Novice: 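Can you read through this structure? Questions will come right after.
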Amino acid sequence: MLTLFLISLFINEVIYKNYIDEKKSSLLLQGNIIADRVIAYHIDINRSRNGIDHIIKKYSKEIKSRVMIINKKGIVVHDAYEALKDRKLGHWEIKEALKGKSIANEYNLKEYGRTMYVTVPIVLNDQVHGVVFISSSLEDIYRKIQNIMKSYMILSVLCVGITGFISFVFAHVIANPIEKLTDSIKKMYNGNLEQKVEIIGNDELTNLAGAFNMMSTKLSQVDKQRKEFVANVSHELRTPLSAMKLLSESLLHQEKVDPKTYREFFSDIASEVDRLDRIIESLLALVDIDKGKLELDYQVTYVNYLLEKLIRPLKPLADKKQIDIDFVNLEKVQIQLDRIKIQQALTNIINNAIKYTPEGGKIKISLYTEHDEVIIKIQDNGIGIPEESLPYIFERFYRVDKARARKTGGTGLGLAITKQIIELHQGKIEVISQLNKGTTFYIYLPQNIGLNG
Ligand SMILES: Nc1ncnc2c1ncn2[C@@H]1O[C@H](COP(=O)(O)OP(=O)(O)OP(=O)(O)O)[C@@H](O)[C@H]1O
Ligand SMILES: [Mg+2]
């Protein structure tokens, strides 16, 4: 609107100047022509009345203005409209013209409205003999300018209306999804993470909505996992604590307890403490891995030696159950890895194999390469994992048979830790198992890890 207003001022000024200037120069030109004609007719303007009268009436009609001839004394000697004949006029323009100047001036007269006065000296031999006085109405011109401005105003109002309407519609179209998005963000801020915004169309806002939905999905997943984890941790920590409380209370409440019972109960309490210790150690390991995500300590390592080294201390455990560990070591494999972390991961799996394989069982560990991958295969002929449990064994705190796992002292964190370590090395872990037949874990590590950062 402001722009249109400024333009209107400008147009008004230009049109006005244009028309008025044109009128001014045209009248001055006509005045000069009339002056020349008057001189050509007769030098003495007072005497040749009829001839000059004829000329000014003709011009007056032609230029639609009043034409007068005024003598040196300021008296009207010819008036196209006759009315002012023989009257003395004291206009400033006439005085100036008598001095030899051509003047054009604009007035707003009460009776006639906007009028232009033009005076041109009648000069012969460097002497002023009289003045041509033209008085012309400017009302026509002003009316024209007004009409133009009126059309412009109507056009402006239309423009403002149409632009306003379009802006309103567009603002609504854009603001609506943004409002919805803001709403969802506020709800998320207030803790309701499961937010979805509608996706229609294919513009930037839709992309934003898509990205927002992805973010909210991820956030609610993470939040769910966190809650589950905290619930699991507290449950797992509380179980041995309540067992200890129960054991110690029952000792307290008995009057006479024989040393054998004391011994038995305290050994139970000690094993619960061990269990707590193991859980906390595993949890700390998990936190450690989470923290050190970006800082693996890569070292060029012979995987053969690493496996031999970590199997050795596990042998006595296996021997106790008369389990035979066979390491098939066909090729020398050298890759970059974080020795301590990989050792931890592999130990977890071999420990499981020993733990979940009955006496006299067999464990076979093989190391080989295929394509660009190093594969470590750990196979046992133990109790196996039921098919429905397979998708969950890598989850934190998941144990197939809680009662049995308790007896074997598991926390359910071992495989979660292992998986995380393998994935940190950009590898993957897979499992195949048959109930009562045995389980095989496959660990794939890319051969060029650690080399490209
Ligand atoms: N080789 C295997 N044979 C049979 N079951 C297995 C084997 N490895 C793992 N499982 C099952 O998967 C579950 C999860 O294993 P994970 O190592 O995470 O926990 P855990 O051994 O119970 O406890 P932790 O290793 O933390 O002491 C185990 O409880 C067990 O039921
Ligand atoms: Mg385990």
Side-chain angles (χ1 to χ4, degrees), residues 225 228-229 232-240 243 271-290 307 310-311 313-315 317-318 320-327 341-366 376-424 428-443:
Q225 278 170 2
E228 274 173 14
F229 184 65
N232 283 335
V233 169
S234 2
H235 176 78
E236 293 302 319
L237 293 180
R238 192 172 287 150
T239 315
S271 80
E272 290 300 332
V273 171
D274 278 348
R275 188 173 151 67
L276 259 184
D277 197 41
R278 267 204 308 277
I279 293 173
I280 287 165
E281 205 176 303
S282 298
L283 281 174
L284 288 177
L286 266 178
V287 172
D288 236 31
I289 295 165
D290 276 344
L307 273 165
L310 70 92
I311 291 169
L314 296 173
K315 272 257 161 72
L317 207 69
K320 235 194 239 170
K321 293 176 78 176
Q322 288 112 46
I323 291 172
D324 178 38
I325 299 183
D326 184 18
F327 178 29
K341 292 208 167 77
I342 286 289
Q343 200 165 324
Q344 190 181 4
L346 295 173
T347 306
N348 281 347
I349 294 180
I350 300 169
N351 247 331
N352 278 350
I354 299 170
K355 207 155 51 163
Y356 303 112
T357 298
E359 292 195 0
K362 198 170 159 55
I363 295 169
K364 188 176 159 195
I365 300 167
S366 343
I376 302 162
K377 178 177 163 192
I378 297 163
Q379 185 177 22
D380 66 55
N381 60 354
I383 59 170
I385 302 165
E387 211 183 319
E388 64 271 17
S389 296
L390 277 177
Y392 306 109
I393 56 166
F394 295 106
E395 279 178 17
R396 295 171 178 191
F397 295 113
Y398 184 84
R399 283 164 304 178
V400 173
D401 178 350
K402 303 229 170 195
R404 186 189 71 195
R406 217 175 132 61
K407 213 166 53 196
T408 48
T411 64
L413 287 171
L415 284 181
I417 293 171
T418 301
K419 186 171 185 228
Q420 222 162 345
I421 292 173
I422 302 298
E423 283 175 355
L424 271 185
K428 60 179 197 281
I429 181 165
E430 280 172 5
V431 60
I432 299 172
S433 187
Q434 248 188 317
L435 210 54
N436 301 320
K437 289 243 168 78
T439 306
T440 309
F441 280 93
Y442 291 90
I443 290 164

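If you're wondering where the values come from, they're calculated on a predicted model, not measured in any experiment. Atoms within a ligand are numbered from 1 in the order they appear, just like the ligands themselves.
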Novice: Looking only at heavy atoms of N348, does any of them come nearer than 4.0 Å to an atom of ligand 1?
Specialist: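 N348 does not count as a contact of ligand 1 under the 4.0 Å cut-off.
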Novice: Please confirm whether I385 comes within less than 3.5 Å of ligand 1 when only nitrogen or oxygen atoms on both sides are compared.
Specialist: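 No - when backbone and side-chain N and O of I385 are compared with those of ligand 1, no distance drops under 3.5 Å.
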Novice: With rounding to the nearest 0.5 Å, note down the distance linking CG in L346 to OG1 in T418.
Specialist: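 Result: 8.0 Å between the selected atoms.
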Novice: Taking all non-hydrogen atoms of both residues into account, name the closest pair between I432 and Y442 and its distance.
Specialist: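 It is CD1-CE1, 3.6 Å.
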Novice: Answer yes or no: does an N/O atom from I383 fall short of 3.5 Å to an N/O atom of ligand 1?
Specialist: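 For ligand 1, there is no N or O atom that lies under 3.5 Å from one belonging to I383.
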Novice: At the 4.0 Å heavy-atom cut-off, does G382 count as touching ligand 1?
Specialist: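 Contact absent.
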Novice: Within ligand 1, which atoms have a heavy atom of Y398 less than 4.0 Å away?
Specialist: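 Every atom of ligand 1 under 4.0 Å from some heavy atom of Y398: 13 (C), 14 (C).
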Novice: Could you check whether any side-chain heavy atom of I363 comes within less than 4.5 Å of a side-chain heavy atom of I323, counting everything from C-beta outward?
Specialist: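 In short, these two side chains touch, coming nearer than 4.5 Å.
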Novice: Indicate the atoms forming the closest heavy-atom contact of I350 with L314, along with that distance.
Specialist: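 The answer is CG2-CD1, 3.6 Å.
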Novice: Identify each donor-acceptor pair in which a side-chain atom of residues 377-387 lies under 3.5 Å from a protein atom, sequence neighbours left out, and give them as a table.
Specialist:
from	atom 1	to	atom 2	distance (Å)
D380	OD1	G382	N	2.9
D380	OD1	T439	N	3.1
N381	OD1	K362	N	2.8

Novice: Kindly give the heavy-atom pair with the smallest separation between Q344 and I421, and that separation in Å.
Specialist: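 Nearest heavy atoms, Q344 then I421: OE1-CD1, 3.8 Å.
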Novice: Near the Mg ion (ligand 2), which protein N/O/S atoms are found at less than 2.8 Å?
Specialist: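 Near the Mg ion (ligand 2), the protein supplies N352 OD1.
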Novice: Please step through salt bridge (charged side-chain N to carboxylate O under 4.0 Å, His left out) for the pair R278 and E236, ending with a clear verdict.
Specialist: CA-CA 11 Å; R278 267 204 308 277; E236 293 302 319; over 6 Å; no
Novice: For residues L283 and T411, determine if any side-chain heavy atom of one lies less than 4.5 Å from a side-chain heavy atom of the other.
Specialist: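 No, every pair of side-chain atoms sits at 4.5 Å or beyond.
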Novice: Applying a 4.0 Å heavy-atom criterion (strictly less than), which segment of R278 is in contact with ligand 1: side chain, backbone, both, or neither?
Specialist: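 The answer is neither; R278 stays 4.0 Å or more away.
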Novice: Considering only heavy atoms of V400, which atoms of ligand 1 have at least one such atom less than 4.0 Å away?
Specialist: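 Close to V400: 11 (C), 29 (O), 31 (O).
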Novice: N/O of S282 under 3.5 Å from N/O of ligand 1, yes or no?
Specialist: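 No, no N or O pair falls under 3.5 Å.
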Novice: With respect to A416, determine whether any N or O atom, backbone or side chain, lies less than 3.5 Å from an N or O atom of ligand 1.
Specialist: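 Not met; the criterion fails.
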Novice: Is it the side chain (CB and beyond), the backbone, both or neither of F394 that lies under 4.0 Å from ligand 1, heavy atoms counted?
Specialist: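 For F394, there is no contact with ligand 1 at all, from either part.
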Novice: Could you tell me whether D380 approaches ligand 1 through its side chain, its backbone, both or neither, with non-hydrogen atoms closer than 4.0 Å?
Specialist: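 The part of D380 near ligand 1 is the side chain, not the backbone.
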Novice: Which of parallel (below 30°), tilted (30 to 60°) and perpendicular (above 60°) describes Y398 and Y392?
Specialist: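 Aromatic pair Y398/Y392 classed tilted.
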Novice: Any heavy-atom pair between the side chains of V400 and Y356 that's under 4.5 Å?
Specialist: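 Contact flag for Y356/V400 side chains = no.
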Novice: If you compare all heavy atoms of G438 against all heavy atoms of S433, which two are closest, and at what distance to 0.1 Å?
Specialist: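 Heavy atoms of G438 and S433 come nearest at O-OG, 3.3 Å.
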Novice: For ligand 1, is there an N or O atom under 3.5 Å from any N or O atom of R399?
Specialist: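 Among all N and O atoms of R399, none is under 3.5 Å from an N or O of ligand 1.
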Novice: Report yes if some heavy atom in the side chain of P240 is under 4.5 Å from a heavy atom in the side chain of V273; otherwise report no.
Specialist: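 No, every pair of side-chain atoms sits at 4.5 Å or beyond.
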Novice: Hey, does L415 come in under 3.5 Å of ligand 1, counting only N/O atoms on both sides?
Specialist: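 Among all N and O atoms of L415, at least one is under 3.5 Å from an N or O of ligand 1.
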Novice: Which bit of T439 gets closer than 4.0 Å to ligand 1, counting heavy atoms only: side chain, backbone, both or neither?
Specialist: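 Under 4.0 Å from ligand 1, T439 contributes side-chain atoms alone.
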Novice: Check this for me: does any side-chain nitrogen of one of K419 and E395 sit under 4.0 Å from a carboxylate oxygen of the other?
Specialist: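 A salt bridge is absent here (no side-chain N lies under 4.0 Å from a carboxylate O).
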